[in-house]
Amino acid sequence: MKPYKGTAALCLLVLLFLACSAAAVCDLSRQSSAVTLTAHTVFGDPAAAKGLSVRSRAQYRNHLFWEMAHCMEVNADEDFTLMESVKPVFLWNHDDMRNFWDTEAFYKTNAFQKTAQSFAPLPQNAYGECELEFHNQAEDGIDLSEAEDKTGVLFQTLLDANTMEDFFKTETGRMFYDAATDPAGGLRAAYNRLYLDLLIEGGTEVSEEIFLCDYYDTYPITLHNGRIWSGSETEAERRCRAAVQSYFQIPVLKEDRVRIDLEVNGSRAIHVGIATNVGFDSFYLTPYAAETPQTLYFTFDTHTTAGKIVDTSKIGNGAGYGIYRVRCDDDETNSHGIDASTIEQIYSLPVETYIRGLYLNAAETRLLLLSATEEDSEAVTLSVIDIENGTCIQTFSIPCGRVFPQVQIYEDYTVLFGDTCLALLTEEDGMYTLEFTAEVPCDQSKRGMGNLFTRYNTVTALCTTPAGGKKLAVAGNRSADGRNALMPGYWTSIYEAGECVYYGEVHSSLDIGWTPVQNSDAEANIIAGGRYPLRLAWEQNAG
């Protein structure tokens with residue numbers, strides 16, 4: 001009978017736990033079913049937000065999900081409070097609901113399903129994942145799995161030889177010596193030479209600065225777009241690297257150096273480290289890219305760390321510096337989805353150009369190039385390039401600072417967010433109009449609005465006023481102390497005719513007691529939900 005009683009007691013405890021858990025969840029659900037939103041005007045006239053609707057999302061530990069939508073109230077004299085009777089959706093198994101807000105199931109259970117499609121679209125992905133880098137920095141080290149076998153053979157051959165002279169008479173020793181002293185072997189030859197020094201002189205570690213020009217005539221460049229990655233270099237990848245290297249012939253700077261640190265442990269396994277920019281002028285490849293499913297467009301900055309310009313005259317058999325195009329696919333015969341044999345220049349650039357960004361429009365018919373003629377220029381040039389014929393059809397000077405943390409591409413407009421400013425361009429039939437640039441007022445910058453532009457959950461909505469002008473709404477979730485976690489509350493700002501006419505903050509009752517989660521054991525908080533917790537919509541005749 002005792003086992004039976006023990007089992008019954010255990011079942012009773014489990015049932016009691018489940019009942020308490022359910023009661024706690026129901027209590028939390030009841031307490032939070034009515035959400036209070038309090039709006040506070042920080043700057044400007046709230047009447048500018050008339051006709052703007054905001055949808056916001058929040059979640060608690062991926063079990064409780066809130067979605068709220070309301071129109072901005074107009075009250076120029078005081079703050080206003082809006083009560084939302086919102087019962088959260090409760091899900092027990094959150095592992096299956098990681099992308100719940102992006103599924104049709106959510107909208108079928110949500111009170112705002114009828115209005116969900118009326119909100120402004122989210123920005124499209126106008127960027128490209130591109131790695132254009134020096135092969136010696138990326139892959140031209142010793143393959144450790146291969147090196148250990150090679151080292152084992154070398155070490156055993158060395159042990160079998162009475163002297164180093166005898167060792168170099170062996171086939172293994174002779175091959176190793178030839179590889180270590182052949183500059184055509186690139187940095188691998190340098191690694192082998194340093195290891196050879198350890199074999200001869202003894203010791204466990206060695207460090208040396210070398211001139212790259214002693215081992216390379218041109219920089220060993222490789223290219224991939226991150227779609228396909230294998231643990232070791234395949235034959236297709238070797239062909240791709242050779243084709244890229246053949247196309248991008250950039251002579252190595254005479255003063256460019258790297259430091260190699262090599263360590264051998266007791267089992268003769270090799271550990272290699274390489275340090276670049278060791279106090280002398282160096283060249284780094286900083287790529288900028290945009291892509292479609294079939295094509296990668298990319299360019300790079302030609303300036304060295306000392307501000308000099310590398311020699312690009314031999315690129316593409318004389319094509320020179322510019323924007324390049326290469327075909328992409330997921331065919332395993334190509335390296336990382338790149339068919340390097342299709343690389344071509346589609347647009348020529350002056351070698352002194354400082355690149356700030358490269359993007360595609362929504363229709364994938366135009367490239368948007370942000371560039372400057374001086375490194376510290378506070379203005380950039382936006383060049384609109386027709387992809388089909390490779391010609392620049394428009395240019396705009398945009399005085400929005402030298403850095404653009406975020407560029408958002410929509411079907412008929414583009415927003416460039418600077419550190420403390422923004423620019424709005426509208427597009428029609430592939431042609432752009434610069435509607436306005438606007439600075440963020442200082443009091444907003446101090447409240448962190450400029451920093452919030454760098455967050456990729458910032459959303460916008462554009463409308464045309466009765467007078468024919470453009471009004472842009474921008475919103476993002478608030479944060480505490482600059483932390484990455486975002487609160488359910490949010491800020492909104494309205495831009496019109498080249499100035500910010502309104503900036504306000506909306507505090508949610510779900511923010512109460514909100515503190516950033518410091519570690520995985522800390523109490524989880526109600527936070528903004530989804531990649532884009534906010535969506536905006538203008539009424540048809542807003543403004």
Side-chain angles (χ1 to χ4, degrees), residues 120-128 288-292 295 297-299 322-323 325 346-350 353-373 377-440 453 456 458-465 467-474 493-500 536 538 543:
L122 295 174
Q124 300 189 24
N125 181 17
Y127 313 93
Y288 299 85
E291 67 177 324
T292 72
T295 309
Y297 301 89
F298 63 95
T299 186
I323 298 176
R325 174 172 57 196
I346 65 167
Y347 186 74
S348 179
L349 288 171
T353 303
Y354 288 92
I355 305 298
R356 298 286 183 257
L358 183 66
Y359 311 92
L360 268 170
N361 69 339
E364 298 180 352
T365 58
R366 304 284 189 265
L367 283 172
L368 306 180
L369 174 69
L370 293 176
S371 63
T373 56
S377 174
E378 289 300 322
V380 300
T381 297
L382 172 65
S383 302
V384 182
I385 300 167
D386 183 272
I387 290 177
E388 185 175 353
N389 54 34
T391 59
C392 181
I393 58 177
Q394 288 180 288
T395 58
F396 300 94
S397 178
I398 300 179
C400 277
R402 60 185 302 272
V403 178
F404 289 88
Q406 189 175 177
V407 174
Q408 291 191 356
I409 309 291
Y410 298 87
E411 184 175 352
D412 54 359
Y413 71 97
T414 295
V415 184
L416 284 67
F417 293 101
D419 285 335
T420 58
C421 62
L422 62 78
L424 171 66
L425 296 102
T426 55
E427 180 185 2
E428 184 175 359
D429 296 330
M431 301 299 290
Y432 284 82
T433 300
L434 179 59
E435 298 291 345
F436 58 74
T437 61
E439 294 184 359
V440 177
F453 277 171
Y456 289 98
T458 303
V459 293
T460 70
L462 182 66
C463 73
T464 301
T465 66
K470 301 297 181 182
K471 182 186 289 189
L472 181 72
V474 185
S493 57
I494 309 297
Y495 289 87
E496 187 175 7
E499 64 177 325
C500 181
L536 304 177
W538 285 107

(Q) Run the side chain to side chain donor-acceptor pair (under 3.5 Å) test against Y347 and tell me which residues pass, sequence neighbours left out. (A)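 None.
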
Q. Of all residues at least two apart in sequence or in a different chain, which pass the side chain to side chain donor-acceptor pair (under 3.5 Å) check with E364?
A.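 With sequence neighbours excluded, E364 shows a side chain to side chain donor-acceptor pair (under 3.5 Å) to no residue whatsoever.
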
Which atom pair, heavy atoms only, marks the closest approach of [X] to [Y]?
X: S371; Y: T353; result: CB-CG2, 3.5 Å
X: A379; Y: A372; result: O-CB, 4.1 Å
X: Y495; Y: C500; result: CE2-CB, 3.4 Å
X: L382; Y: L370; result: CD1-CD2, 3.7 Å
X: L422; Y: V474; result: CD2-CG2, 4.4 Å
X: A461; Y: L536; result: CB-CB, 3.6 Å

Hey, is the main chain of [Y] close enough, under 3.5 Å, to the side chain of [X] for a donor-acceptor pair?
X: S383; Y: T395; value: no
X: Y288; Y: I355; value: yes
X: R366; Y: G430; value: yes
X: E435; Y: K470; value: no

Tell me, do [X] and [Y] make a side-chain contact under 4.5 Å, heavy atoms counted?
X: L367; Y: L369; result: no
X: E388; Y: T365; result: no
X: T295; Y: I387; result: no
X: T414; Y: Y359; result: no
X: P399; Y: T437; result: yes
X: L360; Y: T292; result: yes
X: V407; Y: L368; result: no
X: Y410; Y: P123; result: yes

Please report the interatomic distance [atom1]([X]) to [atom2]([Y]), rounded to the nearest 0.5 Å.
X: E291; Y: Y297; atom1: CD; atom2: OH; result: 11.0 Å
X: N361; Y: I385; atom1: CG; atom2: CD1; result: 11.5 Å
X: T381; Y: F396; atom1: OG1; atom2: CZ; result: 11.5 Å
X: W538; Y: L472; atom1: CH2; atom2: CG; result: 8.5 Å
X: I398; Y: R356; atom1: CD1; atom2: CZ; result: 13.0 Å
X: L416; Y: L434; atom1: CG; atom2: CG; result: 9.0 Å

(Q) Please list all pairs meeting salt bridge (charged side-chain N to carboxylate O under 4.0 Å, His left out) that have one or both residues in residues 404-414, counting only residues at least two apart or in different chains. (A)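 Found none.
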
Q: Indicate whether the side chain of T460 and that of Y413 have a donor and an acceptor atom separated by less than 3.5 Å.
A: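 Yes, a side-chain donor-acceptor pair sits under 3.5 Å.
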
Q: Report the C-alpha distance between I393 and M431 in whole Å, list the side-chain angles of each, state the deciding distance to 0.1 Å, and finish with yes or no for side chain to side chain contact (heavy atoms under 4.5 Å, CB included).
A: CA-CA 8 Å; I393 58 177; M431 301 299 290; 3.8 Å; yes

